[in-house]
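I have placed the structure first, in the form of structure tokens, so that the comments after it can refer back to it.
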Amino acid sequence: MAPITNGRVLFAAIPSGYPVLGQDLVYDTTQTIDLESVPLGGGVLIKTLDLSVDPYMRQRMRPAEVPSYLPAFPLGEPIVSAGIAVVLRSEHAGFKAGDHVEGVLPHQQYTIIAEPEKVPLIPLHVVDNPHGLKWSAFLGVLGIPGHTAYFAWKAYSQAKKGQTVFVTTGAGALVIQLAKLDGCKVIGSAGSDEKVQFMKDIGADVAFNYKTEDTREVLQREGPVDIYWDNVGGDTFDAVLENAARNARIIACGMISAYNEPRGVPIYKMHLVFAKCITIVGFLVSDHYSAESLAAFVKDVHAGVASGALKHQEELFDGLERAGEGLLAVLRGTNKGKAVIHVADE
């Protein structure tokens, strides 16, 4: 078989704000691969089907010497994220041709993985799909975003029936639905009327567009807030501190308002943490993986998604060359659901 193009999305330069497509992120078609004869070195050759796009990826677009909880993307190399692929060839006992696999994958069409068990963050593993769900769902509600919502809610919310929960970027959906299952009143905010309607459709008691309604006014009217799921930080965090109940819990999942600001975004009302005896907990989803936690997730969430009891939304960006476009949509909040890059059909 003649070599074919192996498209890649390269981290070409360190952005100073939002990444610039064609400058900081470059779609490259200079690499080729012979799928039949390329050496595998005891590993597997995979074809990428779908790739996740998530806010944390912006944090990795930094100088290598700047420390953080994840290493920086290497300049000149493909960016990486969680992905779903199909095995084309295998020399590894744990995989066979036709297996569907998940792991942290480079943003390229075809990849040779010599040591699948040593893939950082999410080692390559076969994905079972007994309900016949879309593979892209395993990057959203059934993947890291779903794990993040489920594990942290179960571990930290201490939810009691009748308490008030505020969820930012609420169209992420699963936290809202978990809170409703626990009998809570849920306030959700998002940046478009379409996302607001989706939050209402999945059970949010109060849903508002933070671009057209004042967050403080909503929380003053509908609070006080007992549990805050934070994905934003900045002034929204301050608004919650002002309108938090005594002994409120804040689950810090992300702070997207600060990701494109070199010095971050300040929070001014931290003195209210001790004045109201507020507990703030940050977490990394990777710390919560275990056979038991995954079994509980499969039991509760997979079955719920398959039956339609748990709703989710996604937005597919068709083609690897649109990966940068998908990331910008996530960072600007213009995506209409979980952002996924659809690289190829099987």
Side-chain angles (χ1 to χ4, degrees), residues 8-28 51-83 103-108 111 113 115 118-124 139 143-145 147-148 151-152 168-169 172 229-238 250-270 273 280-289 320 322-335 339 341:
R8 307 178 295 165
V9 179
L10 303 180
F11 179 38
I14 298 169
S16 58
Y18 287 107
V20 177
L21 306 188
Q23 173 181 301
D24 304 321
L25 289 176
V26 174
Y27 181 65
D28 174 76
L51 291 164
S52 182
V53 183
D54 300 288
Y56 78 88
M57 296 167 66
R58 177 60 183 85
Q59 291 287 77
R60 303 190 69 179
M61 299 177 69
R62 66 180 194 276
E65 65 273 14
V66 176
S68 187
Y69 64 95
L70 289 174
F73 290 139
L75 280 168
E77 296 295 323
I79 61 174
V80 303
S81 69
V104 171
L105 307 179
H107 280 222
Q108 58 188 49
T111 304
I113 300 182
E115 297 180 294
K118 293 185 179 180
V119 173
L121 302 181
I122 308 176
L124 199 72
L139 300 177
I144 292 177
H147 298 156
T148 299
F151 296 160
T168 50
T169 60
W229 184 282
D230 182 42
N231 287 302
V232 176
D235 188 59
T236 302
F237 201 105
D238 273 329
I250 295 177
I251 303 172
C253 180
M255 292 192 175
I256 197 170
S257 67
Y259 292 168
N260 291 289
E261 301 294 334
R263 298 185 63 184
V265 175
I267 297 170
Y268 295 100
K269 301 297 180 68
M270 290 299 288
V273 172
I280 302 175
V281 60
F283 70 97
L284 297 177
V285 66
S286 56
D287 293 341
H288 291 263
Y289 283 106
L320 183 59
R322 297 187 66 193
E325 180 186 339
L327 180 57
L328 282 178
V330 168
L331 295 176
R332 290 174 172 153
T334 59
N335 56 303
I341 308 304

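Numbering starts at 1 and runs along the sequence shown.
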Q | Criterion side-chain contact (heavy atoms from CB on, under 4.5 Å) on Asp287 and Val285, from CA distance to verdict | A | CA-CA 5 Å; Asp287 293 341; Val285 66; over 6 Å; no
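Residues passing the salt bridge (Lys or Arg N to Asp or Glu O under 4.0 Å) test with Glu325, sequence neighbours excluded: Arg322. With sequence neighbours excluded, the residues satisfying side-chain contact (heavy atoms from CB on, under 4.5 Å) with Val281 are Tyr156, Ile251. With sequence neighbours excluded, the residues satisfying ring pair (Phe, Tyr, Trp, His ring centres under 6.0 Å) with His147 are Phe151, Tyr289, Phe297. The salt bridge (Lys or Arg N to Asp or Glu O under 4.0 Å) search around Asp54 returns Lys338, not counting sequence neighbours. Residues passing the side-chain contact (heavy atoms from CB on, under 4.5 Å) test with Ile280 are Phe237, Ile250, Met270, Val273, Ile278, sequence neighbours excluded. Take Glu77 and apply the side chain to side chain donor-acceptor pair (under 3.5 Å) test, not counting sequence neighbours, and it matches no residue. The side-chain contact (heavy atoms from CB on, under 4.5 Å) check on Ser286 picks up Leu284, with sequence neighbours excluded. Remark: Ala82 pairs with Ser52, Ile122, Leu139, Ile144 by the side-chain contact (heavy atoms from CB on, under 4.5 Å) rule, at least two apart or across chains. Ser257 pairs by the side chain to side chain donor-acceptor pair (under 3.5 Å) definition with nothing, not counting sequence neighbours.
Among all heavy-atom pairs drawn from Pro19 and Leu331, the shortest one is CD-CD1, 3.8 Å.
Side-chain contact between Pro78 and Phe73: absent, with no pair of heavy atoms (C-beta onward) separated by less than 4.5 Å.
Pairs engaging residues 56-73 under the side-chain hydrogen bond (donor to acceptor under 3.5 Å, both in side chains) rule: Arg58-Asn260 [sequence neighbours left out]. Applying the side-chain hydrogen bond (donor to acceptor under 3.5 Å, both in side chains) test to pairs two or more places apart or on separate chains, those with a residue in residues 15-28 are Arg8-Asp28, Asp28-Thr30.
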